Participant: 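I'd like to ask some things about the structure below.
As the structure lists them, so they are numbered: ligands from 1, and atoms in each ligand from 1. In this text the structure is predicted, and so the values were computed from the model without any measurement.
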Amino acid sequence: MTRAVVLPAFGEPVRVREYPPPRPVPGGMVIAPTYGGICGTDLHLQRGHLPIPTPIVLGHEGLGLVHELGEGTGTDANGEPLAPGDPVMWASSIACGTCPACRLHREPTLCAHRRTYGVNRPVAEEPLSGAWAERIALHPGATVVKVPDQVDPVAAMAFACAGPTLVHALFERRPVRVGETVIVQGSGPVGLAAAALASLAGAARVVVLGGPAGRLDLAKAAGIGDAHVDLVGEPDPETALARARDLAGGAGADLVIECAGAPVAVAQGLTLPRRGGAYLVVGQYTDGGDTLVNPHQIVHRQLDVIGSWAFTGAHVVEYVRLLPALAARFDLASLVTAFPLADAERALRAVAAGTVLKAVLEVAA
Ligand SMILES: [Zn+2]
Ligand SMILES: [Zn+2]
């Protein structure tokens with residue numbers, strides 16, 4: 001039998017259950033996950049903040065070994081031959097290819113009928129469709145990419161979901177230009193992925209505005225960000241915001257990337273770009289409600305305000321391509337805390353409490 005971590009219903013603890021081993025469908029494959037990542041979205045799923053079907057095997061990010069290829073499956077997304085035992089990552093979502101977003105607007109992240117492993121493939125339809133399991137069965141259309149041999153799998157997991165999210169935001173929505181100053185709001189995995197990619201893209205200075213202090217110390221030790229401002233530990237947020245603007249050159253940053261998630265961060269963030277700068281909002285993936293903003297900031301600063309939603313398979317392939325360069329420059333593995341698969345509930349509580357930066361479930365071979 002195959003063990004998997006199931007969310008039985010909203011608000012309940014996750015539990016390990018067993019299912020018959022899956023068989024690969026033609027054009028698909030079965031993967032044996034080595035690691036399944038835990039992301040903030042998983043907490044929202046558990047709490048019922050998103051309308052998903054239950055019971056469901058969770059895990060929309062993972063890295064594993066090809067276990068069995070389905071009939072007709074021979075290569076990864078780059079056309080590289082695939083064989084059992086190859087380390088791979090895969091994209092959680094498959095866009096439909098036919099809705100207006102896919103076909104007319106060329107925006108597959110906005111697909112109206114996206115099917116996502118670990119999010120909307122319930123046990124009733126497909127038991128083993130999440131990465132928090134000994135096996136996951138992928139269907140035709142899933143984007144699978146080989147992970148280069150020299151990349152430490154733990155390092156690859158540091159930004160498993162955040163990395164492709166920021167590749168989409170920074171490749172397509174608002175690229176970082178060489179020599180720009182950048183302020184990143186938020187020091188969780190999304191914020192640190194933004195800061196690391198901004199540096200790699202040639203930013204002259206990257207200021208990480210976040211907290212608590214322990215998280216910023218972890219970022220510093222990993223080599224991520226040129227300057228760090230603790231907003232959480234500062235009694236008056238205005239002091240921290242002014243300090244971030246100063247560190248970005250006084251008048252504010254050329255580009256500010258919101259990766260904090262709390263709605264109030266957007267009200268604060270609109271005051272951080274220089275006049276004529278850009279504000280890229282990435283962190284508000286879950287609807288956290290309203291916040292009071294001063295729209296004058298947008299006009300007086302003449303801001304470009306840009307949103308970026310999720311990612312596609314292409315962004316996962318691009319993230320994996322960047323991994324050797326990212327891992328050479330930053331100590332990504334130091335950001336990750338591994339928990340055994342059976343301790344998934346404990347790991348979720350650690351993520352909720354903020355005691356770990358990036359939690360992954362380790363699936364014993
Ligand atoms: Zn995620
Ligand atoms: Zn679609």
Side-chain angles (χ1 to χ4, degrees), residues 5 7 14 33 35-52 56-64 89-121 129-133 136 139-143 156-169 186-194 197 258-261 282-288 308-316 318-320 332 335-337 339 344 347-348 350-352 354 356-361:
V5 176
L7 174 65
V14 294
Y35 295 106
I38 300 182
C39 150
T41 303
D42 294 309
L43 288 174
H44 292 297
L45 297 180
Q46 187 178 34
R47 292 166 182 171
H49 295 170
L50 294 161
I52 62 158
I56 188 166
V57 175
L58 292 178
H60 59 272
E61 36 175 279
L63 184 152
M89 295 183 89
W90 58 94
S92 50
S93 293
I94 303 179
C96 77
T98 58
C99 72
C102 284
R103 195 142 56 181
L104 301 182
H105 308 145
R106 303 174 191 84
E107 294 281 4
T109 68
L110 306 181
C111 171
H113 311 293
R114 223 157 51 121
R115 298 291 313 276
T116 304
Y117 293 98
V119 176
N120 63 8
R121 291 174 175 264
S129 60
W132 301 0
I136 178 169
H139 288 246
T143 301
M157 287 305 296
F159 299 147
C161 196
T165 299
L166 265 301
V167 165
H168 175 217
S187 50
V190 179
L192 298 191
L197 285 171
E258 187 280 320
C259 304
V282 182
Q284 309 288 324
Y285 192 77
T286 304
D287 185 349
S308 187
W309 172 259
F311 59 86
T312 67
H315 304 119
V316 174
E318 284 153 354
Y319 168 64
V320 170
L332 300 186
L335 306 175
V336 176
T337 305
F339 294 82
L348 276 165
V351 173
V356 293
L357 194 132
K358 175 66 186 179
V360 302
L361 298 175

Participant: To the nearest 10°, what's the angle at the Zn ion (ligand 2) between atoms SG (Cys96) and SG (Cys102)?
Facilitator: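 Once rounded, the angle between the two atoms at the Zn ion (ligand 2) is 120°.
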Participant: Side chains of Thr312 and His315: is there a donor and an acceptor less than 3.5 Å apart?
Facilitator: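 Yes, His315 and Thr312 have a side-chain donor paired with an acceptor closer than 3.5 Å.
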Participant: Where does the angle between the aromatic ring planes of Trp309 and Tyr285 fall among parallel (under 30°), tilted (30 to 60°) and perpendicular (over 60°)?
Facilitator: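 It falls in the parallel class, under 30°.
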Participant: Just to confirm my numbers, could you give the angle made at the Zn ion (ligand 2) by SG of Cys111 and SG of Cys99, rounded to 10°?
Facilitator: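 SG of Cys111, the Zn ion (ligand 2) and SG of Cys99 span an angle of about 120°.
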Participant: If you define the side chain from C-beta out and look only at heavy atoms, does anything of Phe159 sit under 4.5 Å from Leu192?
Facilitator: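 Of all side-chain heavy-atom pairs linking Leu192 with Phe159, at least one is under 4.5 Å.
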Participant: Mind checking whether Met89 and Glu61 have side chains closer than 4.5 Å, heavy atoms only?
Facilitator: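 No, side chains not in contact.
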Participant: Thr116 and Ser93: side-chain donor and acceptor closer than 3.5 Å?
Facilitator: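 Yes - a donor-acceptor pair under 3.5 Å links their side chains.
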Participant: Leu110 versus His105: any side-chain heavy-atom pair under 4.5 Å?
Facilitator: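 No - every pair of side-chain heavy atoms lies 4.5 Å or more apart.
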Participant: Could you give me a count of protein N/O/S atoms that are under 2.8 Å from the Zn ion (ligand 1)?
Facilitator: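 Under the 2.8 Å cut-off, the count stands at 3.
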Participant: Mark yes or no for whether Asn120, through its side chain, and Arg114, through its backbone, hold a donor-acceptor pair below 3.5 Å.
Facilitator: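 Looks like yes, one N/O pair under 3.5 Å.
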